[in-house]
Amino acid sequence: MKKKYWLMKSEPSSYSIDDLETDKKTLWDGVRNYQARNFMMKDMHIGDEVLFYHSNTKPTAVVGLVKVSDNAKPDPVAMDKTSKYFDPKSTNENPIWHCVEIKFVKKFTTPVTLQEIKQQESLEGMMLIKKGMRLSIQPVTKSEFDQICTLGKKR
DNA sequence: GCCAACGTTGGC
DNA sequence: GCCAACGTTGGC
């Protein structure tokens, strides 16, 4: 299985890279978008590397690296009536939503801001900066991944 | 807090 | 199957 590269968004007010550093690993539950789900179910595998992105904050930025530590499994909170992610259409027999588990790898010494990414000519193809792009899980190329990592190590 | 862009829902 | 209405995302 060839390693793939991804970008995952999170609002730091709900779950930040620091939370993940504390937890070491977490189930990426609560995703309720079919495109994002399909990536997790079909394309993400143990060992894939992920850019962790903080959205809805100042500044928005890729703040670190994480790794897929377990393949997709049914999303438990979809079956939890008390959860805000509860979905009556999803059952134990026929779960609709799935999620992978991710583990903390490292925080960037310098977060790579959205603004900075937009300024890189070599990154102008990134999905993240496409107008109206709001997918919370996006594939990135190895080249994009490597460039962001380099920027994150600077200074 | 605003609002553009998007995805989903539901009436027909 | 269309599409208007609605809710959500996420940058600014």
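Here is the naming used below: chain letters follow the sequence lines, and residue numbers restart at 1 for every chain. Everything numeric here is computed off the predicted structure, so don't read it as measured data.
Atom-to-atom, NZ of A/K130 to C1' of B/dA4 comes out at 19 Å; the value is rounded to the nearest Å. One atom, CG of A/L135, and another, C1' of C/dT8, lie 13 Å apart when rounded to the nearest Å. Rounding to whole angstrom units, CD1 of residue A/I117 and P of C/dC12 are separated by 11 Å. The distance from atom CD of A/E11 to atom P of C/dT8 is 12 Å, rounded to the nearest whole Å. In this structure, CH2 of A/W97 is placed 13 Å from P of B/dG7, rounded to the nearest angstrom. At whole-Å resolution of the value, CG in A/N33 and P in C/dT9 are 10 Å apart. At whole-Å resolution of the value, CD in A/Q35 and C1' in B/dG7 are 10 Å apart. Rounded to an integer number of Å, the gap from A/Y34 OH to B/dT8 C1' is 9 Å.
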What do the steps show when you test A/W97 against A/V31 for side-chain contact (heavy atoms from CB on, under 4.5 Å), and what is the final call?
-> CA-CA 8 Å; A/W97 302 108; A/V31 172; 5.8 Å; no
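More than 12 heavy atoms of other shown residues, nucleotides or ligands fall within 6.0 angstrom of atom OH in A/Y15.
Contacts of A/K118 with the nucleic acid, taken as non-hydrogen atoms under 4.0 Å apart, involve only primed sugar atoms and P, OP1 or OP2. Residue contacts shown for A/K89 are limited to sugar-phosphate atoms, with no base heavy atom under 4.0 Å away. Using a 4.0 Å heavy-atom cutoff across all strands shown, A/K9 reaches sugar-phosphate atoms only and no base atom.
Between A/Y5 and A/F145, the ring planes are tilted. Angles from 30° to 60° get that label.
For the side-chain contact (heavy atoms from CB on, under 4.5 Å) test with A/I17, the passing option among A/Y53, A/F108, A/F104 is A/F104; the others fail. The side-chain contact (heavy atoms from CB on, under 4.5 Å) test with A/L128 is passed by exactly one of A/K9, A/E144, A/K118: A/K9.
Proximity of A/Y53 to the phosphate of C/dG11: a side-chain N or O atom is located under 4.0 Å from OP1 or OP2. Between A/K131 and B/dA5 there is a side-chain N or O to OP1 or OP2 distance below 4.0 Å.
Side-chain proximity of A/S55 to the nucleotides B/dT8, B/dC6, C/dG11 is greatest for C/dG11.
Residues A/N56 and A/G132 both approach DNA chain B. Their nearest nucleotides, taken by heavy-atom distance, put A/N56 toward the 5′ side.
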